[in-house]
Q: 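Input: one structure, supplied below.
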Amino acid sequence: QEKVQQSPESLIVPEGAMSSLNCTFSNSASQSIWWYQQHPGKGPEALISIFSNGNKKEGRLTVYLNRASLHVSLHIRDSQPSDSAVYLCAVSNTNTGKLTFGDGTVLTVKP
Amino acid sequence: NSKVIQTPRYLVKGQGQKAKMRCIPEKGHPVVFWYQQNKNNEFKFLINFQNQEVLQQIDMTEKRFSAECPSNSPCSLEIQSSEAGDSALYLCASSQHWGGAEQFFGPGTRLTVL
């Protein structure tokens, strides 16, 4: 059974700083890794995904995947107060499509 | 922005009562997932469908939970006999296919079992 762990549990950064979130997973088999953002009272919203080793950049977001070390990270450049939310790392099962989520990182960006 | 619709947003039931919630997936999305999110942000996959067929479901779902996605009607998730431990946010997500595609989530149904 896939296990996903996230760190830190919570992160406070000043506006304009870089936010760095980490995620480890238990199965190195090929599958997509997703980062979701969830604001209070709303469902998760996909931000970015990665499948291949290496990095992927979209706007202020950069994600790094290292399958050998079972590690993926998300970096948010120039963090804004509106980025304050819970960030969820999720691994997609290629056979069933189901997502296995980590417990999330609560990001707070202070103005 | 997701166009998955979930109703009701809030549901309060007594122990032993039935609890039913509905989901309308995004248009053109044949795959539907149900997840349970507890107050500690722990997610549990419950069941998924492709069109009207069940793809996978967990053991918990087979006992007190039932779900369906009939043609031309909303999908539904029903708990036959609610327990206090069922109190959670129930999230429906839809996708264009089951193999690793983006899942679009609704706002969820918050179930409280008294």
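Predicted, not measured: the structure shown is a model, and the values here were computed from it. Letters A, B, ... mirror the listed sequences (proteins, then strands); counts begin at 1.
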Q: Give me each pair satisfying ring-ring contact (aromatic ring centres under 6.0 Å, His included) with a member in residues 66-95 of chain B, each pair once, sequence neighbours excluded.
A: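 Every candidate ring-ring contact (aromatic ring centres under 6.0 Å, His included) pair involving residues 66-95 of chain B fails, so no pair, neighbours aside, qualifies.
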Q: Crowded around Lys57(A) NZ? As in, over 12 foreign heavy atoms under 6.0 Å?
A: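 Not more than 12 within 6.0 Å, no.
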Q: Where on Ala93(B) is there a heavy atom nearer than 4.5 Å to chain A: the side chain, the backbone, both, or neither?
A: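 Contact with chain A is absent: no heavy atom of Ala93(B) under 4.5 Å.
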Q: For Gln50(B), is it the side chain, the backbone, both or neither that has a heavy atom under 4.5 Å from a heavy atom of chain A?
A: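 For Gln50(B), neither part sits under 4.5 Å from chain A.
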Q: I want to check something: taking the side chain as every heavy atom from C-beta on, are Phe45(B) and Thr96(A) in contact at a cut-off of under 4.5 Å?
A: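 Phe45(B) vs Thr96(A): side chains apart.
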Q: Transitively linked via ILVMFWY side-chain contacts under 4.5 Å: Tyr87(A) with Val109(A)?
A: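 Yes; Val109(A) is reachable from Tyr87(A) via cluster members.
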Q: Counting only heavy atoms closer than 4.5 Å, note whether Val86(A) contacts chain B via side chain, backbone, both or neither.
A: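 Interface part for Val86(A): side chain.
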Q: According to a 4.5 Å side-chain heavy-atom criterion applied to Ile, Leu, Val, Met, Phe, Trp and Tyr, with indirect links allowed, do Ile24(B) and Val4(B) form part of one hydrophobic cluster?
A: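 Result: no, two separate clusters.
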Q: Should the heavy atoms of other residues, nucleotides or ligands under 6.0 Å from CD of Gln80(A) be counted, would the total exceed 12?
A: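 Yes.
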Q: Quick one: of Gln103(B), Gln56(B), Glu42(B), who has the most non-hydrogen atom pairs under 4.5 Å with chain A?
A: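 Between Gln103(B), Gln56(B), Glu42(B), the count favours Gln103(B).
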Q: Are Tyr64(A) and Phe25(A) connected, step by step, through hydrophobic side chains (Ile, Leu, Val, Met, Phe, Trp, Tyr) whose heavy atoms are closer than 4.5 Å?
A: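 Different clusters: Tyr64(A) never reaches Phe25(A) through Ile, Leu, Val, Met, Phe, Trp or Tyr contacts under 4.5 Å.
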Q: Give a yes or no on whether Phe105(B) and Val4(A) share a hydrophobic cluster (residues Ile, Leu, Val, Met, Phe, Trp, Tyr; joining criterion: side-chain heavy atoms under 4.5 Å apart).
A: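 Different clusters.
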Q: To the closest 0.5 Å, what do you measure between CD (Glu102(B)) and CD (Glu45(A))?
A: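 It is 8.0 Å, given to the nearest 0.5 Å.
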Q: Considering only heavy atoms, which portion of Arg110(B) lies under 4.5 Å from any heavy atom of chain A: side chain, backbone, both, or neither?
A: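 Contact with chain A involves no heavy atom of Arg110(B) at all.
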Q: Looking at every non-hydrogen atom in both residues, tell me the closest pair between Leu91(B) and Gly43(A) and how far apart they are.
A: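 Closest approach of Leu91(B) to Gly43(A), heavy atoms only: CD2-CA, 4.0 Å.
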Q: Could you tell me which portion of Leu99(A) (side chain, backbone, both or neither) has an atom closer than 4.5 angstrom to a non-hydrogen atom of chain B?
A: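 The answer is both parts of Leu99(A).
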Q: Angle between ring planes, Phe43(B) versus Phe101(A), binned at 30° and 60°: parallel, tilted or perpendicular?
A: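 Judged by the thresholds at 30° and 60°, the geometry between Phe43(B) and Phe101(A) is parallel.
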Q: If you count heavy-atom pairs under 4.5 Å between each of Pro44(A), Gly41(A), Gly104(A) and chain B, which one has the most?
A: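 The option with the most such pairs is Pro44(A).
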Q: When you group the ILVMFWY residues by side-chain heavy-atom contacts below 4.5 Å and let the links chain together, are Leu61(A) and Leu11(A) in the same group?
A: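 Shared cluster, yes.
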Q: With a 4.5 angstrom heavy-atom cut-off, could you sort out which part of Lys42(A) is near chain B: side chain, backbone, both or neither?
A: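 Backbone only.
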Q: Pick one of side chain, backbone, both or neither for Tyr35(B), based on which atoms fall under 4.5 Å of a heavy atom in chain A.
A: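 The side chain, not the backbone.
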Q: Taking CD in Gln96(B) as the centre, count heavy atoms belonging to other residues, nucleotides or ligands within less than 6.0 Å. Is the count above 12?
A: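 Not buried by this count: 12 neighbours or fewer within 6.0 Å.
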